[in-house]
K.L.:
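Following this message is one structure expressed as C-alpha cells.
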Amino acid sequence: MVRLTRIYTRTGDDGTTGLGDGSRVRKTSPRIEAYGTVDELNAVVGLCCELAREPLLARLRTVQQDLFDLGADLCLPPGSGKAPLVGAGRVARLERWIDEANEPLAPLTSFILPGGGPLAAHLHLARTVCRRAERRALVLAEGEAVDAHGLHYLNRLSDLFFVWSRVAAAGNEVLWVPTRDPGA
C-alpha cells in the first residue's frame with residue numbers, strides 16, 4: 001500500500017510528471033493525455049454513482065476500479081516489464097453487461113439526444129468522455145505500444161454507457177428529429 005504523506009512534491013513545477021516506472025515526461029505528452037482523460041472519466045462515473053441505485057451502482061463502482069487499473073496500465077511506458085491489469089476478461093464482462101441491459105430495450109429507430117433524466121444525462125456525459133479517452137489512447141498508440149485490451153475496454157465501455165443511459169431514461173428518451181433549414 002502506498003502511503004501519501006505529502007500531496008505536493010514540486011517536482012512537476014517544470015512541466016513534467018513521473019510515470020509508473022519513475023521516468024519523467026512532459027505533462028502534455030500523449031501518455032499523460034490518455035491516462036488523464038481516463039481519470040476524468042472516472043470522476044464522471046463518480047457523479048453517476050451519486051445518482052445510481054443497486055444493482056447499477058455496484059457495476060459503476062466496478063467500472064471505477066477498472067478505470068483506475070487502466071490508468072495504471074497507461075502510465076507505464078513500453079518495456080516496463082509489468083503485465084497489463086486490464087485484459088480480455090474485463091472486455092468480455094462489459095460485453096455481457098451490454099447484452100443484459102440492451103435485451104429488454106426497444107430497438108432504436110432514431111438517434112437519441114443526451115438527456116432523459118439526471119442519471120441518463122450523466123451516463124451520456126460518461127459516454128462522451130469515454131470516447132475522448134479512447135481517442136487519446138489511440139493517439140498514444142500511434143506513437144508507442146499500448147495494450148489492445150485497454151483500447152477495446154474503452155470502446156465497449158462507451159457502448160455500455162449508452163445502453164445504461166437508455167435504461168436510466170426508462171422510456172423518456174428524446175429522439176433526434178432532423179430539421180431542414182426553412183430558408184434552404
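In what follows, every heavy atom counts, from backbone to side chain, and hydrogens, waters and symmetry copies are set aside.
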K.L.:
Testing the basics here: between Tyr35 and Gly71, what is the closest heavy-atom pair and its distance to 0.1 Å?
P.N.:
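So the two residues come closest at CB-O, 3.9 Å.
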K.L.:
Begin with the C-alpha distance, continue with both residues' side-chain angles, and end with the deciding distance and a verdict on side-chain contact (heavy atoms from CB on, under 4.5 Å) for Val63 and Leu157.
P.N.:
CA-CA 9 Å; Val63 166; Leu157 184 58; 3.8 Å; yes
K.L.:
Supply the atom-to-atom distance Arg93 CZ to Trp97 CH2, rounded to the nearest 0.5 angstrom.
P.N.:
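Arg93 atom CZ to Trp97 atom CH2 measures 4.5 Å (nearest 0.5 Å).
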K.L.:
Spell out, as yes or no, whether a donor-acceptor pair under 3.5 Å connects the side chain of Asp69 to the backbone of Val86.
P.N.:
no
K.L.:
Give me the other members of the hydrophobic cluster that Val139 sits in, counting Ile, Leu, Val, Met, Phe, Trp and Tyr linked by side-chain heavy atoms under 4.5 Å, directly or via other members.
P.N.:
none
K.L.:
How many angstroms lie between atom CD of Gln64 and atom SG of Cys48, to the nearest 0.5 angstrom?
P.N.:
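Answer for the CD-SG pair, Gln64 versus Cys48, is 9.0 Å.
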K.L.:
Determine the minimum heavy-atom distance between Leu85 and Ala72, stating which atoms define it.
P.N.:
CD1-CB, 4.1 Å
K.L.:
Pairs in or reaching into residues 132-160: which pass ring-ring contact (aromatic ring centres under 6.0 Å, His included), with residues at least two apart or in two chains?
P.N.:
none
K.L.:
Taking all heavy atoms of Leu47 and all of His122, pick out the closest pair and write down the distance.
P.N.:
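Smallest interatomic distance, heavy atoms only, reads CB-CD2, 3.8 Å.
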K.L.:
Got a second to check how far Thr109's OG1 is from Leu175's CG, nearest 0.5 Å?
P.N.:
5.5 Å
K.L.:
Looking only at non-hydrogen atoms, find the nearest pair between Ala52 and Leu119 and report the distance.
P.N.:
CA-CD2, 4.1 Å
K.L.:
Donor-acceptor pairs are to be reported for all side-chain atoms of residues 110-117 against protein atoms at under 3.5 Å, with residues two or more places apart or in another chain.
P.N.:
unit_1: Ser110; atom_1: OG; unit_2: Trp176; atom_2: O; d: 2.8

K.L.:
Does any non-hydrogen side-chain atom of Leu70 lie less than 4.5 Å from one of Arg90?
P.N.:
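Sidechains of Leu70 and Arg90: no contact.
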K.L.:
After noting the C-alpha distance and the side-chain angles of Asn155 and Arg131, does the key distance pass the side-chain contact (heavy atoms from CB on, under 4.5 Å) rule?
P.N.:
CA-CA 7 Å; Asn155 187 272; Arg131 288 283 189 214; 3.7 Å; yes
K.L.:
Does some side-chain heavy atom of Val45 sit less than 4.5 Å from a side-chain heavy atom of Leu67?
P.N.:
yes
K.L.:
Might you work through the side-chain contact (heavy atoms from CB on, under 4.5 Å) test for Val129 and Arg132, ending with a clear yes or no?
P.N.:
CA-CA 5 Å; Val129 174; Arg132 183 159 35 90; 3.9 Å; yes
K.L.:
Please name all residues satisfying side-chain hydrogen bond (donor to acceptor under 3.5 Å, both in side chains) with Glu95, sequence neighbours left out, ordered by chain then number.
P.N.:
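Listed in chain order: Arg156.
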K.L.:
Drop me the distance from Glu54's CD to Arg59's CZ, to the nearest 0.5 angstrom.
P.N.:
10.5 Å
K.L.:
Decide yes or no for Leu60 and Leu123: does some side-chain heavy atom of the first lie under 4.5 Å from some side-chain heavy atom of the second?
P.N.:
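Of all side-chain heavy-atom pairs linking Leu123 with Leu60, at least one is under 4.5 Å.
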K.L.:
Enumerate, atom names and distances included, each donor-acceptor pair closer than 3.5 Å involving a side-chain atom of residues 161-173, sequence neighbours excluded.
P.N.:
unit_1: Ser165; atom_1: OG; unit_2: His124; atom_2: NE2; d: 3.2
unit_1: Ser165; atom_1: OG; unit_2: Phe162; atom_2: O; d: 2.6
unit_1: Arg166; atom_1: NE; unit_2: Glu173; atom_2: OE2; d: 2.7
unit_1: Arg166; atom_1: NH1; unit_2: Ala106; atom_2: O; d: 3.2
unit_1: Arg166; atom_1: NH2; unit_2: Ala106; atom_2: O; d: 2.9
unit_1: Asn172; atom_1: ND2; unit_2: Ala169; atom_2: O; d: 3.4

K.L.:
In Å and rounded to the nearest 0.5 Å, what is the SG to NZ distance from Cys75 to Lys82?
P.N.:
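Reported to 0.5 Å precision, the distance equals 8.5 Å.
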K.L.:
Please list, chain by chain and in numerical order, all residues satisfying salt bridge (charged side-chain N to carboxylate O under 4.0 Å, His left out) with Arg136, sequence neighbours excluded.
P.N.:
Glu33
K.L.:
Looking only at heavy atoms, which two atoms of Pro104 and Glu100 are closest? And how far apart?
P.N.:
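So the minimum-distance heavy-atom pair works out to CD-O, 3.4 Å.
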K.L.:
Would you compute the distance between atom SG of Cys49 and atom CG of Leu57 and round it to the nearest 0.5 angstrom?
P.N.:
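Interatomic distance, Cys49 SG to Leu57 CG, rounded to 0.5 Å: 5.5 Å.
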K.L.:
So, for Ala137 and Val146, which heavy atoms are closest and what is the spacing to 0.1 Å?
P.N.:
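Scanning both residues completely, I find the closest heavy atoms to be O-CG2, 4.4 Å.
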K.L.:
Would Thr37 and Leu41 count as a side-chain contact (heavy atoms from CB on, under 4.5 Å) if you check the C-alpha gap in whole Å, the side-chain angles of each, and the deciding distance to 0.1 Å?
P.N.:
CA-CA 6 Å; Thr37 308; Leu41 172 59; 5.8 Å; no
